[in-house]
Structure formats: C-alpha cells, structure tokens
Amino acid sequence: EKAQFITEGFDAVLNSGLPPEKLSGALNTILDKRRSAGFMYPNKTKTLGEAKLSNFVANSPSMSSFVKFAGRVINSDSTVLILGETGVGKEKLAQALHTEGTRCKGPFIPVDCGALPESLLESELFGHEEGSFTGATRSSRGCFELAHSGTIFLDEVGEIPVALQARLLRVLQERELQRVGSSETIKVDTRIVAATN
C-alpha cells in the first residue's frame, strides 16, 4: 500500500499518533527534499508578469487614492504591510509591487504564515543547520535567504507566534538572521511585504 502512494506522487505516508518531534522531523525532511528539487517555489515569472498595479479597478475616490499611494512605494525598498479582508487581493498587490519594482528580476517568495506550525515556520523562514533538530539531515536555506535580491511576501503575518516575532523583528530592523541551530549571522537583501486580515 505504501509503495502505491509513493508511485502516485506522495512523499511519505505518516501514521497518526506520531510524537510531535518525529512528525516535525519528517515534515522538515520532506520540505528539504522538495526545496532542493525546486518544488516549493516554482518559477512564477508568467503569473507575476500579469500582476500590475494598473490591473486594480479604481472607480471610487478612496480606491483611486489608494492606487496612487501604492504607486509611490513601488520603487522603494521599504517594508509594506497590507491590511484587508480575505479575498480582496492582498497577494496580487504584493506581486504588483514586486513585478513593477526595482527587484522584479529577483525571486518573489510567498509564505503563508498561518498554515504552518511554529516549529516548521521557524525553519521555513530562517532555514536550519544539519542536526539542529530531529530529521534535519542537511542544512537548508530559509525563505528570507531564498528571496535574496527579491521580495518575500509574508501572508497572514499576524498569525506568527509571539516566540518568533523577536526573530522576525531582527530581520526587519537589521536585515540579518541566524539559521535554526547556528550562531552565524547571515545578511539578507530582501524586500519584505506582509499582509494580514
């Protein structure tokens, strides 16, 4: 039965009742494997090419004012926080800021901060060193490093656990980070666009 799942594209079959540390280790191993194979962050050039600020409909005075203001921050490297209800196009706006900005040749890395448990989110954002936790069989770059010279989009940033917020603040202020399990500081040149409802 397990062989059948693997041949149909599954990475692993995990039994219910696994202790949290074993589950976390297994999921990190799968994420590492997918990152190294290029599955996690496919080339988004085609879809990003369509995301432009001019695509936003601006019939009302407040929306026209918003689009005009957004146009002023496109070529800035400033951090942007987008607030709005679910489904209003926050990620499209982030893509437009990237596509039309000076970092358009760099990667656009979206991260759904509300979809991952704290232990995985930390590794996903900051990376980790080999042996830093169960299942960390090799070092891995996090999303901030992967977005170097481009843009990282932190969707649902309000869902980041309090314990990780201090690490995130360091990246926001100093543009440097430490991978999980490392004392080495890594500089990152990444524009940060975040969103929350």
Side-chain angles (χ1 to χ4, degrees), residues 20-21 24-25 27-28 31-32 35 40-41 44 48 66 69-70 72-86 88-136 138-197:
E21 58 278 350
S24 176
L27 291 174
N28 276 308
L31 288 173
D32 286 347
R35 269 192 214 107
M40 290 295 286
Y41 310 102
K44 294 197 170 212
L48 288 179
F66 163 76
F69 177 78
R72 291 193 315 221
V73 299
I74 281 179
N75 290 315
S76 164
D77 268 343
S78 61
T79 298
V80 175
L81 176 63
I82 304 167
L83 303 174
E85 295 175 21
T86 301
V88 298
K90 296 185 294 289
E91 185 166 355
K92 286 291 182 200
L93 176 58
Q95 288 175 350
L97 292 174
H98 173 78
T99 301
E100 295 187 46
T102 56
R103 292 178 175 268
C104 62
K105 292 189 185 331
F108 177 83
I109 306 292
V111 182
D112 186 346
C113 299
L116 296 170
E118 183 176 346
S119 58
L120 286 179
L121 184 60
E122 182 177 32
S123 175
E124 189 73 7
L125 290 175
F126 305 110
H128 63 264
E129 294 297 330
E130 181 179 351
S132 58
F133 52 82
T134 305
R138 63 178 183 272
S139 296
S140 177
R141 297 186 310 155
C143 292
F144 280 105
E145 286 182 81
L146 293 171
H148 186 75
S149 79
T151 304
I152 187 168
F153 174 58
L154 302 175
D155 197 12
E156 299 304 337
V157 71
E159 300 299 316
I160 292 181
V162 175
L164 284 185
Q165 289 180 18
R167 293 194 71 185
L168 179 59
L169 182 60
R170 182 166 181 83
V171 176
L172 289 168
Q173 289 179 332
E174 308 297 331
R175 293 299 197 257
E176 62 184 28
L177 59 87
Q178 290 179 334
R179 290 180 182 169
V180 175
S182 174
S183 58
E184 179 186 342
T185 299
I186 299 170
K187 287 280 191 188
V188 289
D189 177 23
T190 303
R191 183 177 194 183
I192 300 165
V193 179
T196 185
N197 60 16

Q) Should the ring pair F108 and H98 be called parallel, tilted or perpendicular, given that the plane angle runs from 0 to 90° and is split at 30 and 60? A) tilted
What are the two closest heavy atoms between [X] and [Y], and how far apart are they?
X	Y	result
L121	P161	CD2-CD, 4.1 Å
E159	G114	CB-CA, 3.7 Å
F153	A194	CE1-C, 4.3 Å

**Q.** Evaluation steps, side-chain contact (heavy atoms from CB on, under 4.5 Å), between D112 and E91
**A.** CA-CA 10 Å; D112 186 346; E91 185 166 355; over 6 Å; no
Q: State, yes or no, whether a side-chain contact exists between V111 and D155 at a heavy-atom distance under 4.5 Å.
A: no
Q.
Side chains of L125 and V171, heavy atoms from C-beta outward: is any pair under 4.5 Å?
A. no
Determine yes or no for a side-chain-to-main-chain donor-acceptor pair under 3.5 angstrom, with [X] supplying the side chain and [Y] the backbone.
X	Y	value
Q165	I160	yes
K90	G84	yes
E156	C113	no
S149	G106	no

Gap separating the [atom1] atom of [X] from the [atom2] atom of [Y], nearest 0.5 angstrom:
X	Y	atom1	atom2	value
R141	L177	CZ	CG	11.5 Å
T190	D77	OG1	CG	10.0 Å
F144	R179	CZ	CZ	14.0 Å
T79	I152	OG1	CD1	11.0 Å
I109	L146	CD1	CG	5.5 Å

**Q.** Stepwise side-chain contact (heavy atoms from CB on, under 4.5 Å) check, E145 with V188
**A.** CA-CA 6 Å; E145 286 182 81; V188 289; 4.2 Å; yes
**Q.** Stepwise side-chain contact (heavy atoms from CB on, under 4.5 Å) test for R175 and I192
**A.** CA-CA 10 Å; R175 293 299 197 257; I192 300 165; 3.7 Å; yes
Q | Identified side chain to side chain contact (heavy atoms under 4.5 Å, CB included) counterpart of V193 within the set L154, L93, I82, L81 | A | I82
Q: Can you tell me which residue pairs pass the salt bridge (Lys or Arg N to Asp or Glu O under 4.0 Å) test with a partner in residues 184-197, sequence neighbours excluded?
A: R103-D189, E176-K187
